Amino acid sequence: MNDLGADSAVDRCKNKGAQKYINGDAFKKDVPGLEEVIVMKDASHFINQERPHEINCHIHDFFNKFC
């Protein structure tokens with residue numbers, strides 16, 4: 001068991017405390033300059049391999065902010 005009270009990475013993602021931290025103001029406070037948090041449901045650690053098109057769209061949208 002880890003510090004979030006979960007036994008696996010999947011459990012940590014489903015952990016209500018982790019969700020509250022990521023979606024709340026504390027995460028944004030801990031990551032200076034954070035503009036947006038994107039949480040992709042039903043994805044695991046290798047998200048860039050599981051959903052390459054969706055990831056590329058988010059990266060493309062980010063870069064377009066500076067063009």
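These numbers were taken from a predicted model, which means no experiment stands behind them. Start at 1 with the first residue, then count along the sequence.
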By side-chain contact (heavy atoms from CB on, under 4.5 Å) - contacts of [X] (at least two apart):
X: Asn64; answer: His60, Cys67
X: Leu34; answer: Phe27, Lys28, Val31, Val37
X: Asn23; answer: Gln19, Val39

Subject >> Contacts of Asp42 that satisfy side-chain hydrogen bond (donor to acceptor under 3.5 Å, both in side chains) - sequence neighbours left out >> reply: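 Asp42: no side-chain hydrogen bond (donor to acceptor under 3.5 Å, both in side chains) contacts found.
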Subject >> Glu50 vs Ile55 side-chain heavy atoms within contact, under 4.5 Å >> reply: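 When only atoms from C-beta onward are counted, Ile55 and Glu50 do not touch, as no gap falls below 4.5 Å.
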Original post:
For the hydrophobic clusters of this structure (ILVMFWY residues joined by side-chain heavy atoms under 4.5 Å, transitively), does one cluster hold both Ile59 and Met40?
Top reply: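 Per the 4.5 Å side-chain linkage, Ile59 and Met40 are co-clustered.
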**OP:** Using the test ring-ring contact (aromatic ring centres under 6.0 Å, His included), find all partners of Phe66 that sit at least two apart in sequence or belong to another chain.
**Re:**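 Counting only residues at least two positions away or on another chain, Phe66 forms a ring-ring contact (aromatic ring centres under 6.0 Å, His included) with Phe62.
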**OP:** Any chance you could measure Asn56, atom CG, to Arg51, atom CZ, to the nearest 0.5 Å?
**Re:**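 Output value for this atom pair is 13.5 Å.
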**OP:** Hey, could you give me the CD/CD1 distance between Gln49 and Ile47, rounded to the nearest 0.5 Å?
**Re:**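 Nearest 0.5 Å value for the CD-CD1 distance: 11.5 Å.
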Original post:
Who are the salt bridge (charged side-chain N to carboxylate O under 4.0 Å, His left out) partners of Lys65, not counting sequence neighbours?
Top reply: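 For Lys65 the salt bridge (charged side-chain N to carboxylate O under 4.0 Å, His left out) partners, ignoring immediate neighbours, are Glu35.
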